[in-house]
Structure formats: C-alpha cells, structure tokens
Amino acid sequence: MTTDRRARTGNTYEQAVPGFGTVLIRPLDPAGDARTVHRWVNQDRARFWGMVGRSREQVQEIYEFVDSLTTHHAYMVLRDSAPVALFQTYRPEHDPLGDHYQVAPGDLGFHLLIAPAAGNPQPGYTGVLLSVFLSFLVTDPTMQRIIAEPDIRNEKSITRLLRTGFELGPEIDLPEKRARLVFLPRADAEALQQRTTARHEASGFHPAPAQQRVDGVQPRSVPKPPWEEL
C-alpha cells in the first residue's frame, strides 16, 4: 500500500502524497523569490494579503526583514517543482496579534496564500495542500496549538479552516483589519493528519499534473478560481 512519505531537514519539509505529487516547503529566498512573490501578492484576489500596490523592491525588503527574525518565518511551497503557495509562521507572543488574545504556551500562528492549480479547478486541491502545511507544523515539537487570524470579510477562508477542523474563536480588531481567530489544538492536528493519510491511501487523489514553470517567470494569476488567503 502506498503511504504519504514525509521528511523534515532543518527548515525544509518534503511530503509525497499518493496521486498528488511531492510538496516541498523551503525557506523563502527574499531576493531570489521576489519576482514571483511580487506578482502573486499584487493580484486583486490576494488583497487580503495586504501588499497590493507594493513594488518588487518593497516586497523584497519586507521578506528580508522577516528573514532576519527568529520568531517569524516565510516559506516557498512547491508541488513537483512548481511554485504553488506562500506560507508564513510566527510566534504570537512576538507579534502584534499577541496583544489581542491570551497567548498560550506553544501557540504557533500561520498565514497561507494558495494559488489555483494550473488548468481547470481540481476538487480537493486546496485541502491536500492545507493538510501538508498542517503536517509541517506538527513536526515542530514545541507547537501545542495552531492559530490563524483571517480577515473577517474572507468568509471563504474561514469556512475552509472550520471545515478542516479549526475551532472558531472571537473577532478581534488588529491595526490593519478586523479578524476572526481560529484554533487547532495539537491533538486535533495529529488526528487530522492520520485521517487524511488514510483517506489518501483509500481513495487516492488524482488532479492533473502540476504545470512545470521556472520560478519567477510565469505569474500565478489565473482568472478562476479565486486566490485563497488563510
């Protein structure tokens, strides 16, 4: 029986999902990935990311600052070598979010921007990627609870997180947005990981192969479906 294959080396994580391909999560290169990220975050569908209108140089400077921190990290996500998402993690006690809720030991926050799959929409695509991201977070032994704070207007992302298993938290006012807190305890994340693996083994996931493209050359903008920001 084919099973998910997972491996973490330092800050790089790789997971092979049956019928889907290999997902690689690696540290973002602020300079090398700037062109790709700039195109992604300047699409109107990525407006909840908060960088529409920023220049390429400004985007690079933002991620150079993130790269200098030990509490915040940015990652480029690739599926079979094709860039498919931007992923960020942070420690809420070292982030402005920590001033707006009661931070618990082991809390780990994340932001996620997923591009549509190449070609036609593929049922289950976003769910598979999200399950890989959660598996990556579980590899951190200090993580006890996963936190997300999507914009309250981003109903699609909130619905996706609740469907995944997150618990609904309060609404809070952040400097740049009104947000909805959602929480996923470690035990629930581990149980979700096991269920997802079993489901992949039982039914398989067979989207069209990821379109190969050179990082920074082909933008990720696709007329539909819309971007997802979590």
Side-chain angles (χ1 to χ4, degrees), residues 1-29 32-33 36-37 40 72-91 106 108-119 121-148 157 160-161 163-166 182 184-215 220 227-230:
M1 178 180 294
T2 303
T3 59
D4 285 354
R5 191 173 67 252
R6 302 179 174 90
R8 178 165 182 164
T9 305
N11 289 325
T12 299
Y13 177 82
E14 183 175 281
Q15 180 173 337
V17 181
F20 183 81
T22 298
V23 179
L24 175 68
I25 301 176
R26 63 161 174 80
L28 184 78
D29 179 350
D33 294 325
T36 299
V37 174
W40 291 359
H72 294 59
H73 303 283
Y75 301 90
M76 177 65 74
V77 183
L78 302 97
R79 174 193 172 206
D80 293 337
S81 302
V84 293
L86 176 61
F87 185 49
Q88 297 175 210
T89 64
Y90 62 94
R91 294 292 177 179
L108 182 62
F110 82 100
H111 298 293
L112 173 62
L113 186 65
I114 299 179
Q122 301 167 352
Y125 177 85
T126 297
V128 170
L129 283 178
L130 182 56
S131 72
V132 173
F133 302 139
L134 295 179
S135 294
F136 169 64
L137 296 181
V138 168
T139 65
D140 180 350
T142 69
M143 185 278 290
Q144 296 302 315
R145 185 171 64 165
I146 301 170
I147 314 295
S157 291
R160 161 64 66 181
L161 290 166
R163 188 164 65 243
T164 300
F166 280 75
V182 293
L184 185 68
R186 182 181 187 91
D188 292 346
E190 292 174 339
L192 174 66
Q193 185 182 58
Q194 294 173 0
R195 291 196 302 271
T196 301
T197 298
R199 185 167 64 250
H200 291 166
E201 292 174 349
S203 61
F205 182 83
H206 302 286
Q211 181 179 343
Q212 299 296 317
R213 50 189 183 271
V214 178
D215 187 25
R220 198 173 54 164
W227 291 72
E228 284 211 38
E229 179 269 337
L230 303 178

* Which of parallel (below 30°), tilted (30 to 60°) and perpendicular (above 60°) describes Phe20 and Tyr125? -> tilted
* **Closest non-hydrogen atom pair, Trp40 against Leu86** => CZ3-N, 3.9 Å
* Inter-residue atom distance Thr139.OG1 - Asn11.CG, 0.5 Å rounding -> 9.5 Å
* Should the pair Phe136 and Tyr13 be assigned to parallel (<30°), tilted (30 to 60°) or perpendicular (>60°) ring geometry? -> tilted
* Asked: Does the side chain of Thr22 come within less than 4.5 Å of Arg79's, by heavy atoms?
  -> no
* Asked: Quick one: are Met76 and Val37 in side-chain contact, heavy atoms under 4.5 Å?
  -> yes
* Nearest atoms (heavy-atom pairs only) where Ala148 meets Leu161 -> CB-CD1, 4.1 Å
* **CZ-CG distance between Phe87 and Leu28, expressed to the nearest 0.5 angstrom** => 13.0 Å
* Could you tell me the separation between the CG atom of Leu108 and the OH atom of Tyr90, rounded to the nearest 0.5 Å? => 8.5 Å
* Distance, nearest 0.5 Å, that separates OH of Tyr75 from CG of Leu112 -> 13.0 Å
* Structure fact -> Nearest heavy-atom contact between Asp140 and Arg186 is O-NH1, 3.0 Å
* Structure fact -> Heavy atoms of Gln15 and Ser135 approach each other most closely as OE1-CB, 3.5 Å
* Structure fact -> For Phe133 and Ala85, the nearest pair of non-hydrogen atoms, with its separation, is CZ-CB, 4.0 Å
* Any side-chain heavy-atom pair of Gln193 and Leu134 under 4.5 Å -> no
* Asked: Do Arg26 and Asp33 have side-chain heavy atoms sitting under 4.5 Å apart?
  -> yes
* Asked: Which value, rounded to the nearest 0.5 Å, describes the distance between Ile146 atom CD1 and Leu184 atom CG?
  -> 5.0 Å
* To do: Mind checking the CD1-CD spacing from Ile25 to Glu14? Nearest 0.5 Å is all I need.
  => 10.5 Å
* Side chains of Arg160 and Ile114: does their closest heavy-atom pair fall under 4.5 Å? -> no
* Where do Val138 and Met143 come nearest, in terms of heavy atoms and distance? -> CA-CE, 3.8 Å
